[in-house]
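For reference, the structure discussed in these notes is given below.
All chains are named by letter (A, B, ...) in the order of the sequence lines, taking the proteins before the strands, and each is independently numbered beginning at 1.
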Amino acid sequence: MPEATALRSPSTPDWNALAERARTRRRMTQAVLYAILIVTSLPVVLPYFWMVTISFSATSGSTDTFVLWRSIAILVPTIFVIAGLQQGVADPRRRRRLRWAVIAVAFVALLAFVAPHLHVHNYRYLWNPDIVEDMRGRTGAGGGQFPWVWTAFGNSLLLAGAQTLIVVTVSTLAGYYISRFSFAGREGFLKSLLVLHAFPAMTLIIPIFLILHWTGLLDTLTGVVLVICTLELPFSVFIMKGFFDTVPWEVEMSAMTDGASRRQAFFKVVLPQVRVGLIAVGIFAFIKGWEEYVFVATMLFEKANWVMSLYLFWVADDIMGVDYGIVAAVGVFYVIPSLVLYLTTQKYLTQMTLGGIKG
Amino acid sequence: MARIELEQVSKSWGDVVAVEPTDLVIEDGEFVAVLGPSGCGKSTTLFMLAGIYAPSGGSLRFDGQVVNEVEARDRNVGIVFQSYALYPHMTVHDNILFPLRLSKMPRSEAMAKVERFAALVHVDELLDRRPAQLSGGQQQRVALARALVKEPKLLLLDEPLSNLDATLRLTMRTEIKSLQRRMGITSILVTHDQMEATTIADRIICMSKGRIEQIGSPDDLYLRPNSLFVASFIGAPPINLVEGEAENGALYVSETRLPFLNGGAMGQVTLGIRPENISFAEDGLAGTVAAVEPMGRETLYILRTPIGHFSVLQTSSTKRYEVDASVNLQFAAEDTLLFDRASQKRLDGVQVHLP
């Protein structure tokens, strides 16, 4: 502890030198921190960035990357210059002004060198009902093999929406009951919820296929919705139970002495307090349904039943001589709803990790 | 307003008995405190009155009518919790309005009542706030207004002041008492704080381990405790208790002989003397000062004597003794309380004095 001895020594320590050292150390830490953040976020950001640039720039159907390289050549230096400004310029007002200047330069450069190469031709599947026919001509093989993308989009919405509704309703009621009432086997039930969640669902795929076959639900959206709900429920119930645990019993008692029935107390007093939990469970359920691939790929065959993930798969797989432009464009279209959902609700999701999960 | 009667009312969960069969009558308009340590069954009793728990046995009557089976929402009882239990997602206004909304009171009348009761507890400036934006005292006032707004038959207060700081506790204590007087509502305060109980209530019910130990005025409980439990639970600093053997017309504690003045007893007897009833004197029981704790108006001395440690409360204006000083103690026979250790009951009319 050099500082400690310096403080204790009878001669006055050199405060200026100590302060200078602290400053340098702080600046070093920050620089290293920025470097690490930039490096680790690259692999996360780059694929999305690539997907978006390809979808708006690919022309030949082959993988041309020059737009990607051009935009990276402009954006990466911009990021480093901004990071450098953060370290190098002390005055916050000046720093902000310089930052905007750099961003403006980068924007102009993008307009000049990248913008002329952008187009929306790869998105034509959005307004063209038969993408294969469009690509290969009416006479070509495989005409009419694809449903319109909006059919798949509608199916995906239906699947994710229905499963959200079921998961939220059931997990709310079950979570409340487990949180408030004691019953024989409650502990075991709670533990089995976690075990069920840890269980790899993929191993069940053959039994589930057979069950759906026997019940006549194979190749129906209903069947898939039920399967995904079942797999999703244990964890959701557990989360909701944690949220109900945080609502004090007194508040409910208070409502009941205030003249509410147990049901009224639940709807008017308890439920509003677990709103964050409802939203979180709902979002997870929706995303799960939206991105589901394995079960829909196994249980759905009819093209009228295709969902977005299947559409994406067949676009990538089936359009002879893969057209990366279209695949990327479908990918962008596919990701938008989840992205919007996450962006609009992330404040609730972060609250959840703070207060929600308690055993 | 109601007269509350409990006849052999009990509550148990499986084998665990929370409240043993209890008889109790609370008169119309009376303010009663239920006092006891945590886990003594006082809150359970309260929740049975509120209708949240159903009694396991006996009958519970409001104005002579058995209400055992009547649901909480139909009992017209107001309740205030230690944690206030306000509805966090509603404004103060909506919190107070909530009971009226459930009772389907016409809107204009309900609004007027909310205003009136908010003013009564001085929260009329805060009606648009959420509970999280209020201080503890303000939340407690809102909880009180919410409990009172439907003009309940019975007001139940479950440790309402425990979460408040000392000054606020005094103010709220006075306010609750005067509100209760003005509205004449039969009220029951549950508390483990004897000060709160003795200052607020007309009558105190002292409970321990699911049983009523004693019912009486604050003076009854303090001066004439029925049992060792009541004697030791009530009073701060606590009563001095000395265990001895009674024989030949005297109580023997170690080697010291304390003759009985009135009556007599045999066997195992505990002597109790309140700290303020012991005084320093020229002669008497010899002891040394082990600790001195100035408490402002009074000073508490801990003394070591041949018959055990004694705490002694003296007004601070008298001579101050230092630690290790030798002193002599005196107490009057009429201030001694004697208890039979086997039955834990007080031996009525029996007193001892220093030889």
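- B/Lys150 and A/Gly259 get closest at one heavy-atom pair: NZ-N, 4.4 Å.
- No more than 12 heavy-atom neighbours from other residues, nucleotides or ligands sit within 6.0 angstrom of NZ on A/Lys288.
- Atom CD of B/Glu109 sits in a crowded spot, with more than 12 heavy atoms from other residues, nucleotides or ligands closer than 6.0 Å.
- With values rounded to the nearest 0.5 angstrom, B/Asn76 atom CG is found 10.5 Å from A/Asp258 atom CG.
- Around CE of B/Met111, the count of heavy atoms belonging to other residues, nucleotides or ligands within 6.0 Å exceeds 12.
- In terms of heavy-atom pairs under 4.5 angstrom with chain A, the leader among B/Pro88, B/Ala50, B/Gly51, B/Gly78 is B/Pro88.
- Contacts of B/Arg146 with chain A are made by both backbone and side-chain atoms, with heavy-atom separations under 4.5 Å.
- For B/Leu86, the part lying near chain A is the backbone, with the side chain staying farther off; criterion is any non-hydrogen pair under 4.5 Å.
- Interatomic distance, B/Arg73 CZ to A/Arg262 CZ, rounded to the nearest 0.5 Å: 12.5 Å.
- In terms of non-hydrogen atom pairs under 4.5 Å with chain B, the most contact-rich of A/Gln273, A/Met253, A/Lys268 is A/Met253.
- For A/Ala255, the parts sitting under 4.5 Å from any heavy atom of chain B are the backbone and the side chain alike.
- Annotation: side chain of A/Gln264 is in contact with side chain of B/Leu102 (closest heavy-atom distance under 4.5 Å).
- Heavy-atom neighbours of A/Arg275 CZ from other residues, nucleotides or ligands within 6.0 Å: at or below the threshold of 12.
- Scanning all heavy atoms of the two residues, the minimum distance from A/Ser254 to B/Tyr87 falls at C-OH, 3.4 Å.
- With a 6.0 Å radius and a threshold of 12 heavy atoms from other residues, nucleotides or ligands, A/Asp91 has its CG atom above the threshold.
- If you tally non-hydrogen atom pairs under 4.5 Å between each of B/Ala85, B/Ala147, B/Ser103 and chain A, the highest count goes to B/Ala85.
- Atom CD of B/Glu27 sits in a crowded spot, with more than 12 heavy atoms from other residues, nucleotides or ligands closer than 6.0 Å.
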